[in-house]
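So the structure is just underneath, and the comments pick up after that.
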2 protein chains.
Amino acid sequence: METVKVDGRVERGEQTRRQILRRAAEIASVEGLEGLSIGRLATELEVSKSGVFAHFGSKEELQLATVRAAAAIFATQVVEPALVVPVGRERLELLLNGWLAYSENRTFPGGCFFYAVQAEFDARPGRVRDAIAGYGREWNEYVRDTAAVVPGVDDPDQLAFELIAFLEMANAQSVLHDDPHAYDRARKAVRARLAQAGTASAAASTTRR
Amino acid sequence: METVKVDGRVERGEQTRRQILRRAAEIASVEGLEGLSIGRLATELEVSKSGVFAHFGSKEELQLATVRAAAAIFATQVVEPALVVPVGRERLELLLNGWLAYSENRTFPGGCFFYAVQAEFDARPGRVRDAIAGYGREWNEYVRDTAAVVPGVDDPDQLAFELIAFLEMANAQSVLHDDPHAYDRARKAVRARLAQAGTASAAASTTRR
DNA sequence: AGACTAATTGTACGATCGTTCGTACAATTA
DNA sequence: TAATTGTACGAACGATCGTACAATTAGTCT
């Protein structure tokens, strides 16, 4: 049933396509998806401009493919490592720490790819914005669902909102101010917030009027 | 000693300059400071391209002037209204609620101006980034100093980090997902975090080992 | 070998970018 | 009134943008 790829031409094409998208995601994390230009991409990769263009057919398709490629890297770097432990508090912590490491290690040179492009496209319509918003929603829901099964969590939506806020704030402060302590602040905030959630049910049951 | 302005020419010039910067800040909050183009600005304001250009001498100067103009609007809209009450918890709450209103009311059509341009310039060097980083630092320090004098606050830097994270998260979610509830989440998070700070000293003194 | 196919290239296009220039006109100064 | 200043203008510049299309190279078939 599996169609094995043996065509060397297609193989080569897919490889250059991967290289293009790799570089495109790196550039976009620094300069944005609009700052990303086909000509520049071609120059840096030492291929022809029309060669780059032919892979996507339009700039918008290049941007969409770049977003998808970045999402795949994000999943590999952040989501998948947390799957090694069962659902629960430990997985949530692994997920949050994984995100901070993904940002701190500069998986993308400009920090979190999605932080950069979200702010760039959040206020204009179009397919690129929709794609970015879709991944953003997925991430929100995944954090919320992961938090929902942690004992003592009573409002996972609210908790996810606050936790993600800490992560993005750390990324923003670190990149803009070259402040490595921002990640410490985020870790501290996450720890305190989860401790608070852990005692919430007990506190609520004792203090409820 | 005061030189009163009576020259009608410079008066007129300053007015068009103000109009240019007003519009420039609006555009930049949506499309970014790079998406801002002199030609487009001229078309929308129905003035000549060279007329716009002459006011600033370079695109970078236009961007810098736009950032300064936005900072002035921010100060008027967010910082100054909180000065009507004395320092303390009430001023801090007025400041935070003022920020949320500034974002929610779409003072700039793309949401918070500085959220947009911070993410755009955070990873590239230059004077524009330095200016944005400077205002960002000012804002951080102002929130921290305002929080520092609130009774029960023992780590104002950490508190400011978390509070600003909630504000920016609300702005981001609201603009990207058209989700008005994001501001409710931020208000709830702020309230809970300040309540926590209010009991922190008491809790610390009783639970300290 | 030659026919076919997919990836890549070279050349060219219209549009727009930031920038420069000389000029026109209104307002101020002498 | 004459000279000067400040703002705004129109035209043009070189560069770069995204896009189009025909030619070429490289790999797969019969």
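Below, read A as the first sequence line, B as the second, and so on, with proteins coming before strands; counting in each chain starts at 1. Just so you know, these numbers come straight off a predicted model, no measurement behind them.
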**Presence of salt bridge, B:R137 and B:E141, under 4.0 angstrom** = no
**B:R89 side chain vs B:V150 backbone, donor-acceptor pair below 3.5 Å** = no
**Complete:** 5' to 3', nucleotides 16-29 of chain C under a 4.0 Å protein heavy-atom cut-off (B base, S sugar-phosphate only, - none) gives -BBBB-----BBS-
**Item:** Rounded interatomic separation in angstrom, taking CD from B:Q19 and C1' from D:dT7
**Value:** 14 Å
**Asked** From B:L167 CG over to B:Y115 OH, what is the distance, rounded to the nearest 0.5 angstrom?
**Response** 12.5 Å
**Item:** B:E120 with B:R129: basic N within carboxylate O range, under 4.0 Å
**Value:** no
**Message:** Whether B:E61 and B:R127 form a salt bridge (side-chain N of Lys/Arg under 4.0 Å from carboxylate O of Asp/Glu) is what I want to check.
**Reply:** yes
**Asked** Across the strands shown, which category fits B:V47 at heavy-atom distances under 4.0 angstrom: base, sugar-phosphate, nothing?
**Response** sugar-phosphate
**Fill in**
When rounded to whole Å, the CG to C1' distance for the pair B:L41 and D:dA8 reads 15 Å
**Message:** Taking any heavy-atom pair under 4.0 Å as a contact, classify B:A54: base, sugar-phosphate, or nothing.
**Reply:** nothing
**Message:** With side chain to side chain donor-acceptor pair (under 3.5 Å) as the rule and sequence neighbours excluded, what pairs involving residues 42-54 of chain A come up?
**Reply:** A:R23-A:E44, A:R40-A:E44
**Atom pair distance, as rounded to whole Å: NE2 in A:H55 and P in C:dA6** = 14 Å
**Request:** Starting from Watson-Crick (N1-N3 plus N6-O4 or O6-N4) and G-U wobble pairs under 3.5 Å, report the runs of at least three that DNA chain C belongs to.
**Result:** C:1-30 with D:1-30
**Geometric class of the A:F113/A:F108 ring pair [parallel <30°, tilted 30-60°, perpendicular >60°]** = tilted
**Ring-ring centroid check A:W139 A:F74, cutoff 6.0 Å** = yes
